[in-house]
Amino acid sequence: MLKTASRFYRMISLLLVLCLLAASFPIMAFAAEEKPTVRFSGTVSSSKLVVAVSLNNPNTSLDSGMFLLKYDTNVLTASSSAVSAQSPAKKSAVYFNASSGYIGLDWHYPIRLASTDSYSDVALITFGIKSGKTVRRLDEVISVCTNKDWLEDIGGYQNDGGLLLCSGNNVLTAAGGRVSANFSLSSAARLRLGGSDRFATSALISEEGWSGGSDAVIIANGIQFADALAGVPLAAALNAPILLVAKNSVSSSVKAEVARLGASKVYILGGIAAIDKSVENSFSGVSVERLAGSDRFATAVAIAEKLQEITGRKPSNVFLASAVSFPDALAVSPVAGMTLSPILYAPKTGTITAVTSDYIKASGAASVTVLGGTAVINTKVQNSAKVGSVASVTRISGDNRYQTALRINQKYDSLFATGTAAFATGLAFPDALAGGALAAKLKLPLVLADTPYVTNEMKSYVSGRDVRNVYIFGGSNAVPDSLCTTLLG
């Protein structure tokens, strides 16, 4: 009996010792927040998407792995050479099928990769972006492959969900819930809309914003800005693009875009001194309406009256911009479009014209916002705008055109879509004019910028918007890639 009890106590003691020893050597486990993760981070330019593949592997070391992605062949192009392993990973095999849109890599580590909570580089995949296409979210164009038949064809990984990591004899599969994947754009997606000239650029902008066509189109002079600058609010009211023409001719790119849009109505901004009758006659088979006055002041009023007719309401605010300088009217154009507020013109000195004053009185507007400093519209002109129902006349201005544009964006920032912006040069008007209609449609702040004039405050504004999608109006000569990089930080 004593011997039996002694054996029992020795057994209990041994079990206690084993429990204590086990407690000192933790069992390998993957808590929910510690699962191995493969991260796909995309960097986008106008024609290329580079996807960096990296992984973290908490609580385990790794010998090898594989991933297989499905990509959208309507947007992206690739080749078998598009995948490259990044040190310390070494390529074992590349998987690629252009017709099915699959691409992937099987890799190994010559020296076992140690456990780490930080991400380690695995591979780079370089995709081409098809002309006219854009990438705004990475998970819209790539995903982990789940086609078991195709996975089986490339190596029998039909149960792995296209994502696999190996640690010794342990296979950690996506299907088993051990490996997860994250997709993100690591920098702002840049869509450059720049053609061979200003006319082609306006057609590209139109195609991007109105891919499904438009019942109406606005035609403006792309050489002289006077009549054109007031057109963006009208474009917004009509949900129509602005296309640019020369005084006496229509480019082939614009002709083709008008045909593609399927527009039944064309609005021409300005009289025959701005856009010749021959241009009007070239739009056969559609209804053409010309909005014009005796001068630029009257033409702006004619456009404002048409805006009021289409919307069926009186404006609460009127923007007053310089009649001889284009940047301030350009900068406010998305805001004017979104709020359906007319853009009228003012002289530098003296008072506003009678036609402008009469319109403001008749409109019932409660406020007038003057754009630019006193060097472009002086105080006397500002004061003369307080007519009719106008209770307040305020001014938005900066030290120069770029600062004025920044002040406009800052004041109306709450109107804009989050994570977006549009960039254009402040030295010329055509690209930003056509772009203003798209910016109003997509609720983009229009950032006027040129390399010598970029300030920390401007960069801070862009940074504060956490820009993930940026539209660039014009070619690289107008808005260089380096300028975009500077603005995006």
Side-chain angles (χ1 to χ4, degrees), residues 220-221 223-234 269-275 290-308 314-333 335-336 339 341-408 411 426-429 432-433 436 448:
N221 189 312
I223 308 299
Q224 299 174 337
F225 64 81
D227 299 325
L229 292 178
V232 171
L234 179 62
L269 306 184
I272 58 174
I275 297 178
R290 187 184 289 267
L291 302 174
S294 58
D295 56 24
R296 64 188 63 187
F297 302 98
T299 294
V301 166
I303 295 169
E305 289 173 339
K306 177 57 65 172
L307 171 65
Q308 195 167 321
K314 295 183 176 182
S316 59
N317 179 71
V318 171
F319 289 107
L320 203 58
S322 170
V324 295
S325 178
F326 62 81
D328 300 336
L330 281 182
V332 85
S333 63
V335 174
T339 59
S341 302
I343 299 175
L344 302 180
Y345 297 140
K348 177 180 178 179
T349 59
T351 61
I352 60 173
T353 63
V355 68
T356 304
S357 180
D358 289 343
Y359 171 79
I360 294 174
K361 291 175 185 176
S363 73
S367 64
V368 172
T369 303
V370 176
L371 305 173
T374 54
V376 292
I377 299 176
N378 72 14
T379 303
K380 184 178 179 182
V381 177
Q382 176 180 341
N383 293 338
S384 71
K386 194 171 183 179
V387 294
S389 301
V390 174
S392 67
V393 180
T394 57
R395 184 187 293 268
I396 303 175
S397 65
D399 294 338
N400 54 39
R401 62 187 64 185
Y402 306 99
Q403 288 298 306
T404 295
L406 178 60
R407 297 288 176 263
I408 291 169
K411 179 176 177 61
L427 298 177
F429 78 92
L433 169 61
L448 298 184

Is there a donor-acceptor pair under 3.5 Å between the side chain of Arg395 and the backbone N or O of Gly372?
yes
After noting the C-alpha distance and the side-chain angles of Val376 and Asp328, does the key distance pass the side-chain contact (heavy atoms from CB on, under 4.5 Å) rule?
CA-CA 10 Å; Val376 292; Asp328 300 336; 4.0 Å; yes
Quick check: do Phe225 and Ser325 have side-chain heavy atoms less than 4.5 Å from each other?
no
For the residue pair Leu448 and Ala331, what are the closest heavy atoms and their distance?
CD1-CB, 4.1 Å
Of all heavy-atom pairs linking Tyr345 and Arg296, the shortest is CD1-O, 3.3 Å
Heavy-atom pair with the smallest gap, counting every atom of Ala321 and Ile343
CB-CG2, 4.4 Å
Would you call the rings of Phe326 and Phe429 parallel, tilted or perpendicular if under 30° counts as parallel and over 60° as perpendicular?
tilted
Within this structure, what is the CG-OG1 distance for the pair Asp227 and Thr299, rounded to the nearest 0.5 Å?
4.5 Å
Quick one: CZ on Phe297 to CD1 on Ile352, what's the gap to the nearest 0.5 Å?
10.5 Å
Should we count CD1 of Ile223 as having more than 12 external heavy atoms under 6.0 Å?
yes
Would you say Arg290's side chain and Gly271's backbone share a donor-acceptor pair under 3.5 angstrom?
yes
Are the side chain of Ser357 and the backbone of Ala354 linked by a donor-acceptor contact shorter than 3.5 Å?
no
Atom of Gly426, atom of Pro327 and distance for their closest heavy-atom approach:
O-CG, 4.2 Å
State whether the side chain of Thr404 and the backbone N or O of Gly398 hold a donor-acceptor pair below 3.5 Å, judged by distance alone.
yes
Which heavy atom of Leu269 sits nearest a heavy atom of Gly231, and at what distance?
CD1-CA, 3.7 Å
Is the closest side-chain heavy-atom distance between Gln382 and Val368 below 4.5 Å?
no
Got more than 12 heavy atoms from elsewhere within 6.0 Å of CG, Asp358?
yes
Between Asn317 and Ser341, is there a side-chain donor-acceptor contact under 3.5 Å, judged purely by atom types and distance?
no
Any idea which heavy atoms bring Thr351 and Val381 closest together, and the distance?
N-CG2, 4.2 Å
Once you round to the nearest 0.5 Å, how far does CG of Leu330 lie from CG of Leu371?
11.0 Å
Are Gln308 and Ser363 packed together at the side-chain level, in the sense that at least one heavy-atom pair is separated by less than 4.5 angstrom?
yes
Here the gap from Leu320 atom CG to Ile396 atom CD1, rounded to the nearest 0.5 Å, amounts to 12.0 Å
Less than 4.5 Å apart, any side-chain heavy atom of Val301 and any of Leu344?
yes
Can you measure from OG (Ser367) to NZ (Lys386) and round to the nearest 0.5 angstrom?
11.5 Å
